[in-house]
Number of protein chains: 2
Amino acid sequence: MKRTAKEFDYSKDTEELAALAKALSHPARIIILKHLSQLDSCYTGDLVDVLPLAQATVSQHIKELKNIGLIDGEVNPPKVKYCINQKKWNKAQKLFDTIFEQDFKKFKCC
Amino acid sequence: MKRTAKEFDYSKDTEELAALAKALSHPARIIILKHLSQLDSCYTGDLVDVLPLAQATVSQHIKELKNIGLIDGEVNPPKVKYCINQKKWNKAQKLFDTIFEQDFKKFKCC
DNA sequence: ATTGTATATCGCAAATATACGATAGTTATT
DNA sequence: AATAACTATCGTATATTTGCGATATACAAT
């Protein structure tokens, strides 16, 4: 984490894409996102049953997804409804596209 | 990492997507991939100049990308040519698509 | 043979991430 | 008021990631 004399900043988009990728970098969070993106809403309670993890751990993963903005939570105890944040979701889609849309017309090597 | 009594396996695709996302979860690795995907080949030497990191650290990031299979290295000391592995790249593109292709026709909440 | 150029690996330190049990909080139901 | 159902947070242990300097290695050019 230490910065050397070599001063440098990554671009905003690069930072955001890296952060989004980190959010997707755990199987549990992928499952959570898949569930939420396939329904119109979802309860965390269900998710604990679907995942091989303790409730506290699932809650933590949900918190990370909330922090990055990929999901919103509507608190209504004893239940909390979570949904995909469509705006952030679309932004994520766009950012991943900018990386993967290369079609390698030019590639000759390897 | 400990597994409780709650036995469970994530699907192959979920595991692979998570692993690919982890590979993209650092700005330096995104920059490396962007460089490689925009050229037909690239030398690590260039990359060290472009990144705010020591040579050892860049080499480590490259190793991670190699391990996951996103890039190939053609060893030819004192230079090593790296390229995108197109097969894995296309697989990655497909896997990310399966997550993000949702268009939220059904969404009403949030 | 020595120097220059470029990369890989080792060993270590510091920071993050992952997971869980225990506990607290909130509302609905009895 | 007590219980049930469900989630969040705290504290803690362990594992992984990140970063760097030092060193080893390989070839090209002098």
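No hydrogens, no waters, no symmetry mates; every other heavy atom, side chains included, goes into these values. Within every chain, numbering begins at 1; the chains are lettered A, B, ... in the order of the sequence lines, protein sequences first and strands thereafter.
With distances taken from any side-chain atom of Leu53(A) to the nucleotides dA19(C), dG19(D), dT18(D), the minimum falls on dA19(C).
For Asp46(A), the side chain to side chain contact (heavy atoms under 4.5 Å, CB included) partners two or more places apart in sequence, or in a different chain, are Cys42(A), Tyr43(A). Checked against side-chain hydrogen bond (donor to acceptor under 3.5 Å, both in side chains), His26(B) has no partners two or more places apart in sequence or in another chain. Every residue two or more places apart in sequence or in another chain that forms a side-chain hydrogen bond (donor to acceptor under 3.5 Å, both in side chains) with Thr14(A) is listed here: Ser11(A).
Rounded to whole Å, atom P of dA17(C) lies 13 Å from atom CG of Leu65(A). Distance CD (Glu64(B)) to C1' (dT18(D)): 8 Å, rounded to an integer number of Å. Distance CG (Leu51(B)) to P (dT18(D)): 14 Å, rounded to an integer number of Å. Remark: C1' of dA8(C) and CG of Leu47(B) are 15 Å apart, rounded to the nearest angstrom.
Side-chain N/O atoms of Lys81(B) include none lying less than 4.0 angstrom from OP1 or OP2 on dT7(C). Under 4.0 angstrom from either OP1 or OP2 of dT17(D) there lies no side-chain N or O belonging to His61(B). At the phosphate of dG19(D), OP1 or OP2 sits under 4.0 Å from a side-chain N or O atom of His26(B).
End-to-end axis angle of the helix from dA1(C)-dT30(D) to dT30(C)-dA1(D), from C1' rotation axes over five pairs per end: 10° (rounded to 10 degrees).
Residues Ala28(B) and Tyr10(A) share a closest heavy-atom pair of CB-OH, 3.6 Å. Closest approach of Ile99(B) and Trp89(A) over heavy atoms only: O-CZ2, 3.2 Å. Taking each heavy atom of Phe100(B) and Gln93(A) in turn, the nearest pair found is O-NE2, 2.8 Å.
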When the side chains of residues 18-25 of chain A are checked against the rest of the protein, which donor-acceptor pairs come out under 3.5 Å, sequence neighbours left out?
{"from": "Ser25(A)", "atom 1": "OG", "to": "Lys22(A)", "atom 2": "O", "distance (Å)": "2.7"}

Using the 3.5 Å cut-off, write out each protein N or O paired with an N or O of nucleotides 5-10 of chain D and the distance between them.
{"from": "dT7(D)", "atom 1": "OP1", "to": "Thr44(A)", "atom 2": "N", "distance (Å)": "3.2"}
{"from": "dT7(D)", "atom 1": "OP1", "to": "Gly45(A)", "atom 2": "N", "distance (Å)": "2.1"}
{"from": "dT7(D)", "atom 1": "OP2", "to": "Gly45(A)", "atom 2": "N", "distance (Å)": "3.1"}
{"from": "dA8(D)", "atom 1": "OP1", "to": "Tyr82(A)", "atom 2": "OH", "distance (Å)": "2.3"}
{"from": "dA8(D)", "atom 1": "OP2", "to": "Ser59(A)", "atom 2": "OG", "distance (Å)": "2.8"}
{"from": "dA8(D)", "atom 1": "N7", "to": "Gln55(A)", "atom 2": "NE2", "distance (Å)": "2.9"}
{"from": "dA8(D)", "atom 1": "N6", "to": "Gln55(A)", "atom 2": "OE1", "distance (Å)": "3.0"}

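Here salt bridge (charged side-chain N to carboxylate O under 4.0 Å, His left out) pairs that include residues 26-39 of chain A, with residues two or more places apart or in two chains, are Arg29(A)-Glu64(A). Evaluation of the salt bridge (charged side-chain N to carboxylate O under 4.0 Å, His left out) test over residues 82-98 of chain A, restricted to residues two or more places apart or in two chains, returns Glu16(A)-Lys88(A), Glu16(A)-Lys91(A).
Taking for each of Asn76(A) and Arg29(A) the nucleotide of DNA chain C with the nearest heavy atom, the 5'-most of the two is the partner of Arg29(A).
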